[in-house]
J.: 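Structure incoming, see below.
A, B, ... follow the sequence lines: proteins, then strands. Residue 1 opens every chain.
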Number of protein chains: 2
Amino acid sequence: MTATTHHAIRERIRARIKAGEYPLGTRIPGEAEFAASFGCSRTTVNRALRALADEGIVERRRKGGTRVRPLPVPQAQLTIPLVREQVEATGRRYSHRVVVRGTASTDAAARRRMRLGDDVPLMHLETLHLADEQPFAFERRWVNLWAVPAFASADLSVLSANEWLVREVPFSSGEVSLSAAAASEQVAAVLRVEPGAALFTLDRTTWLDEAAITTMTLSYRPPYTLDFAI
Amino acid sequence: MTATTHHAIRERIRARIKAGEYPLGTRIPGEAEFAASFGCSRTTVNRALRALADEGIVERRRKGGTRVRPLPVPQAQLTIPLVREQVEATGRRYSHRVVVRGTASTDAAARRRMRLGDDVPLMHLETLHLADEQPFAFERRWVNLWAVPAFASADLSVLSANEWLVREVPFSSGEVSLSAAAASEQVAAVLRVEPGAALFTLDRTTWLDEAAITTMTLSYRPPYTLDFAI
DNA sequence: TAGTGGTCTAGACCACTCA
DNA sequence: GAGTGGTCTAGACCACTAG
């Protein structure tokens with residue numbers, strides 16, 4: 001007797017797909033049909049097919065049925081390291097320098113990312129990250145002082161702003177956006193690259209429940225690559 | 001009456017954890033207890049807690065119960081979408097055009113990424129991906145013809161090279177590298193951007209066991225961002 | 001509008017593992 | 001040994017959506 005666990009059912013269906021029994025893009029049997037042919041309940045088939053859908057092997061739609069995905073979705077577990085760790089991983093010495101710190105600057109894009117109105121006080125911070133005293137990345141950050149009042153008087157000479165925040169403030173969720181951007185005059189000067197140079201850019205906004213904690217833009221000095229395996 | 005869907009139950013438990021009702025590392029109520037207090041079946045609680053465990057929020061063990069994880073996992077699940085799906089997700093029509101195809105070109109960088117010597121025949125391919133007939137991304141690819149001889153005569157008018165390969169050749173592992181690069185004269189012309197424009201670039205090399213199948217460089221036309229949640 | 005997946009329920013048995 | 005999660009079942013109703 002073959003096992004009828006959701007695990008076994010999932011692997012049997014996966015094997016059929018791999019064997020080409022169900023061509024790519026075509027519809028495969030419904031839950032009820034599988035349940036009858038495997039001699040198990042529909043609930044079990046449902047769980048097996050849901051797992052395959054989570055993996056990106058099949059695509060499911062009500063009334064539309066379950067179809068073999070034309071192409072599997074490549075997924076990767078990506079860890080975003082701290083800048084300090086990125087530098088130290090290459091055997092170089094990390095340091096950082098706070099270039100600008102104040103509450104004067106108001107940035108519409110930052111407020112939009114944090115979904116905050118003009119009345120919320122923001123601390124603006126610009127930090128240069130160095131590897132062996134050479135520019136490595138430039139960070140422009142805004143911190144919500146209503147959410148993190150203590151940040152206004154934080155000592156950032158030892159810990160960078162990012163590390164201070166990670167230590168002091170838990171965050172519940174975040175959004176990350178990767179892109180390429182041309183270096184502005186100012187950023188180019190700080191990173192010592194030509195204006196207009198292509199910079200790998202990471203935007204991150206972090207939230208504690210409904211309150212935005214901080215948003216930042218990190219511009220890496222070329223050459224820089226973010227590598228991972230799939 | 002509050003909803004008793006597994007989704008609602010999951011969020012209510014998550015909220016309690018966030019609120020500090022269950023301190024980190026401590027044991028939270030069992031499935032039966034939750035079911036009684038929420039007025040739903042144990043199956044529903046089970047699914048909710050399983051989801052939280054998948055997220056890394058809690059840790060479960062038979063007899064040991066369910067515990068709040070001391071630290072949430074700092075990882076992000078990054079899905080690399082297919083170009084076709086990226087385009088179609090924005091409601092535009094996808095198409096592609098093979099610009100260059102041949103075996104003449106030898107690229108040292110490509111061979112290095114694939115860890116192949118000069119004797120291995122490579123097929124070189126350049127493809128322009130379009131959204132509503134507008135340039136969307138430019139792909140430069142090399143395919144190992146020893147590993148995939150059939151690719152030499154593949155019909156790429158319907159399927160793009162990527163989709164053809166995934167259909168015909170399984171791959172076991174891959175390496176992805178994200179970076180920013182200035183547009184060369186040639187790429188700028190194809191993508192219709194200024195030479196030197198900052199392009200978000202994705203390099204991917206895929207392997208079947210020890211044999212490199214293909215390596216590719218995908219250059220996205222600005223503005224392009226790769227977004228994900230953490 | 002009919003078909004398919006999404007989900008809930010109540011009950012049951014099993015497997016693991018802590019005390 | 002006993003408590004907890006893991007899982008299966010059979011039936012039911014609901015929600016979405018393709019045709």
J.: So among V45(A), T44(A), T66(A), which one has a side-chain contact (heavy atoms from CB on, under 4.5 Å) with E31(A)?
T.: V45(A)
J.: Measure the acute angle between the ring planes of Y220(B) and F136(B), then classify it against the limits of 30° and 60° as parallel, tilted or perpendicular.
T.: perpendicular
J.: Under 4.0 angstrom, heavy atoms only, what part of the nucleic acid is R47(A) near: base, sugar-phosphate, or nothing?
T.: sugar-phosphate
J.: Of all nucleotides in DNA chain D that come within under 4.0 Å of a heavy atom of chain A, which is furthest toward the 5' end and which toward the 3' end?
T.: dT7(D) to dA18(D)
J.: Under the 3.5 angstrom rule, does the side chain of T225(A) hit a backbone N or O of S179(B) as a donor-acceptor pair?
T.: no
J.: Side chain to side chain contact (heavy atoms under 4.5 Å, CB included) between R10(B) and E55(B): does it pass, once the steps are laid out?
T.: CA-CA 11 Å; R10(B) 161 163 56 82; E55(B) 281 186 55; 4.2 Å; yes
J.: Run through DNA chain D and report every stem of 3 or more consecutive Watson-Crick or G-U pairs, distances under 3.5 Å, ordered by first number.
T.: C:1-18 with D:1-18
J.: Listing request: all salt bridge (Lys or Arg N to Asp or Glu O under 4.0 Å) pairs with a residue in residues 133-145 of chain B, at least two apart in sequence or in separate chains.
T.: R93(B)-E133(B), R97(B)-E133(B), E126(B)-R140(B), E139(B)-R141(B)
J.: Y22(A) vs F34(A) aromatic rings, parallel, tilted or perpendicular, using cut-offs 30° and 60°?
T.: perpendicular
J.: Please evaluate residues I213(B) and N144(B) with respect to the criterion side chain to side chain contact (heavy atoms under 4.5 Å, CB included), reporting the C-alpha separation (whole Å), side-chain torsions for both, the decisive distance (0.1 Å), and the verdict.
T.: CA-CA 5 Å; I213(B) 299 297; N144(B) 179 349; 5.9 Å; no
J.: With a non-hydrogen cut-off below 4.0 angstrom, is H6(B) in contact with a base, only sugar-phosphate, or nothing?
T.: sugar-phosphate
J.: Strictly under 3.5 Å: I want the nitrogen or oxygen pairs between protein and nucleotides 2-4 of chain C, one per line.
T.:
unit_1: dG3(C); atom_1: O4'; unit_2: K63(A); atom_2: NZ; d: 3.2
unit_1: dT4(C); atom_1: OP1; unit_2: R27(A); atom_2: NH2; d: 3.2
unit_1: dT4(C); atom_1: O2; unit_2: K63(A); atom_2: N; d: 3.2

J.: Which pair of non-hydrogen atoms, one from A137(B) and one from L191(B), has the smallest distance, and what is that distance?
T.: C-CD2, 3.8 Å
J.: Report the residues that fulfil ring pair (Phe, Tyr, Trp, His ring centres under 6.0 Å) with F200(B), sequence neighbours left out, ordered by chain and then residue number.
T.: Y224(B)
J.: Holding to side chain to side chain contact (heavy atoms under 4.5 Å, CB included), I want the full list of residues that pass it with R50(B), two or more places apart in sequence or in another chain.
T.: R47(A), N46(B), R47(B), R60(B)
J.: Let me know, please, whether T43(B) or A32(B) comes out on the 5' side of the other along DNA chain D by nearest nucleotide.
T.: A32(B)
